[in-house]
Number of protein chains: 2
Amino acid sequence: MGETQAAPEPWAEVPARLRARGLRWTPQRRTLLAVLAETRGHVTGAELVERCRTLDPATIPSTVYRTLDVLEDLGIVRHAHGLDGREEFHVLPAADHGHLSCSGCHGTWDVDADDAAALVAVLAERRGFRVDLSHLSVAGLCKGCASER
Amino acid sequence: MGETQAAPEPWAEVPARLRARGLRWTPQRRTLLAVLAETRGHVTGAELVERCRTLDPATIPSTVYRTLDVLEDLGIVRHAHGLDGREEFHVLPAADHGHLSCSGCHGTWDVDADDAAALVAVLAERRGFRVDLSHLSVAGLCKGCASER
DNA sequence: GATGCTATTGCAACATGCTGCAACAACTGC
DNA sequence: GCAGTTGTTGCAGCATGTTGCAATAGCATC
């Protein structure tokens with residue numbers, strides 16, 4: 001190969017990784033993977049279903065959600081919940097991180113390990129709690145929205 | 001009565017506060033308030049609907065949810081989203097606080113302003129973001145579950 | 001390339017929550 | 001105490017996900 005750089009086509013390895021676990025590579029999974037490969041950042045589940053339907057109108061939502069579960073096991077996607085409780089998926093998260101959501105403009109930003117370090121330390125020390133960064137969700141007002149009020 | 005201790009019957013004022021805003025005091029709202037008055041800590045929306053039905057089997061879910069919206073405006077309840085994205089309501093929050101959820105045992109704990117102070121400071125300083133504590137949600141493993149693995 | 005094991009699919013039904021709309025009924029004012 | 005105004009209700013339907021189950025179809029093996 002030699003494609004081994006920052007993001008060396010992780011998609012190409014997915015079928016093999018599935019099979020290595022006794023799982024299967026199906027047309028429906030191929031469709032979802034094709035969609036994910038063109039996606040960056042956050043998407044909602046409904047959006048993914050929608051996009052799969054453009055590739056294959058016969059797409060069934062439950063299949064998409066179940067495949068996403070499998071892919072989450074493989075570490076290909078991550079999910080969290082937005083401000084409204086809707087699912088948000090993350091494609092190929094470079095590093096574990098949480099999310100900042102603005103209730104004014106609905107923008108979202110990442111909270112990296114460094115930002116959260118202090119909170120993680122406090123909770124570990126005071127309660128022995130081990131924080132899972134990927135599921136950290138913080139709401140509030142972003143700089144712009146805060147200054148507007 | 002004579003139960004007037006820490007929480008001085010805030011419920012008694014609700015009808016007046018509604019009317020002060022031109023809103024109305026209806027039997028359905030009375031039912032929900034009766035349920036909330038006996039509730040402490042967190043409840044899901046579905047649970048509240050359920051409990052209202054025991055008082056009044058004719059309870060309609062949409063009415064409950066709409067009333068909860070109104071009560072949230074009045075500051076009587078607060079909502080957040082649990083690990084699974086389901087709604088969790090908080091009755092009479094003594095102070096703004098976030099939530100810690102254990103993905104092992106599904107227990108939840110409060111994150112008070114003090115716990116979150118460092119995170120709030122970091123986000124304010126680095127991005128000018130104003131955190132809304134009541135919507136802060138942190139997942140991970142509690143002390144017990146973490147030591148089990 | 002046929003066979004068998006079993007992961008996966010598709011479907012239907014359910015769970016939770018929101019929304020539009022016509023009918024109803026609290027409150028206000030007379 | 002009656003009538004009008006308009007906030008609320010109940011209902012039906014939608015949106016987003018999840019789950020159970022019978023039928024299908026990958027894939028490993030021969």
Side-chain angles (χ1 to χ4, degrees), chain A residues 14-33 35 42-53 55-74 76-90 106 135, chain B residues 14-33 35 42-53 55-74 76-90 106 135:
Chain A
V14 171
R17 291 181 61 195
L18 285 171
R19 275 188 282 259
R21 291 193 176 204
L23 306 177
R24 293 171 190 175
W25 182 237
T26 66
Q28 293 81 353
R29 292 184 174 175
R30 186 195 310 281
T31 302
L32 178 54
L33 263 285
V35 167
H42 317 84
V43 236
T44 66
E47 246 163 13
L48 289 173
V49 171
E50 188 68 26
R51 293 192 202 171
C52 282
R53 272 209 229 272
L55 287 188
D56 173 7
T59 299
I60 267 72
S62 64
T63 298
V64 174
Y65 289 113
R66 282 186 287 212
T67 300
L68 285 167
D69 276 353
V70 171
L71 295 178
E72 189 152 10
D73 266 1
L74 294 185
I76 305 289
V77 301
R78 279 262 183 205
H79 86 278
H81 294 278
L83 257 189
D84 53 1
R86 213 167 287 166
E87 298 213 309
E88 298 224 316
F89 289 90
H90 243 226
H106 294 108
H135 236 102
Chain B
V14 172
R17 290 181 61 193
L18 285 171
R19 275 188 281 260
R21 291 191 176 206
L23 305 178
R24 293 172 190 173
W25 183 235
T26 66
Q28 293 81 354
R29 290 183 177 176
R30 186 195 310 280
T31 302
L32 178 55
L33 263 285
V35 167
H42 317 85
V43 237
T44 65
E47 246 163 12
L48 289 173
V49 170
E50 189 68 25
R51 294 191 201 172
C52 282
R53 272 208 228 272
L55 288 189
D56 174 6
T59 299
I60 266 73
S62 66
T63 300
V64 173
Y65 290 114
R66 281 185 288 212
T67 300
L68 284 167
D69 275 353
V70 171
L71 295 178
E72 189 153 9
D73 267 0
L74 294 185
I76 305 288
V77 301
R78 278 261 182 206
H79 85 277
H81 294 278
L83 257 189
D84 54 1
R86 215 166 286 165
E87 297 213 311
E88 299 223 315
F89 289 90
H90 244 223
H106 294 107
H135 236 104

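Chain A is the first sequence line, chain B the second, and so forth, proteins listed ahead of strands; every chain is numbered from 1. We use all heavy atoms of the structure for the numbers below, so side chains are in, but hydrogens, waters and symmetry mates are not.
- Rounded to whole Å, atom P of C/dC18 lies 6 Å from atom CG of B/Asp69.
- Whole-Å rounding puts the B/Leu68 CG to C/dT16 P distance at 14 Å.
- If you measure from atom CG of B/Leu23 to atom C1' of C/dT28, you get 15 Å, rounded to the nearest angstrom.
- With sequence neighbours excluded, no residue forms a salt bridge (charged side-chain N to carboxylate O under 4.0 Å, His left out) with B/Asp69.
- B/Arg29 places a side-chain heavy atom less than 4.5 Å from the side chain of B/Leu18.
- Remark: the B/Arg21 side chain and the D/dG7 base include no donor-acceptor N/O pair separated by less than 3.5 Å.
- For B/Ala46 and B/Arg19, each mapped to the nucleotide of DNA chain C holding its nearest heavy atom, the one lying further toward the 5' end belongs to B/Ala46.
- Atom CG in A/Leu48 sits roughly 16 Å away from atom C1' in D/dA15 (whole-Å rounding).
- Residue contacts for A/Ser62: at a heavy-atom cut-off of 4.0 Å it reaches a base atom on one of the strands shown.
- Atom CZ of B/Arg24 and atom C1' of D/dG4 are 11 Å apart (whole Å).
- Rounded to whole Å, atom C1' of C/dG17 lies 15 Å from atom CD1 of B/Ile60.
- Straight-line distance from the CZ atom of A/Arg51 to the P atom of D/dT16: 14 Å, rounded to whole Å.
- Using cut-offs of 30° and 60° for the angle between ring planes, the A/His79 and A/Phe89 rings count as tilted.
- Within the nucleic acid shown, A/Gly85 has no heavy atom closer than 4.0 Å to any nucleic acid atom.
- For the OP1/OP2 pair of D/dA25 and a distance below 4.0 Å, the side-chain nitrogens and oxygens of A/Gln28 include no atom meeting the criterion.
- One atom, CD of A/Glu72, and another, P of D/dT18, lie 10 Å apart when rounded to the nearest Å.
- No engagement by B/Thr44 is indicated, since no non-hydrogen atom pair under 4.0 Å with the nucleic acid exists.
- Side-chain N/O atoms of B/Arg66 and base N/O atoms of D/dG7 include no donor-acceptor pair closer than 3.5 Å.
- Distances shown here put every side-chain N or O of A/Tyr65 at or beyond 4.0 Å from the OP1 or OP2 atom of D/dT18.
- For the pair B/Thr63 and D/dG10, the criterion of a side-chain N or O lying under 4.0 Å from OP1 or OP2 is met.
- Using a 4.5 Å heavy-atom cutoff, the side chains of B/Thr63 and B/Thr59 are not in contact.
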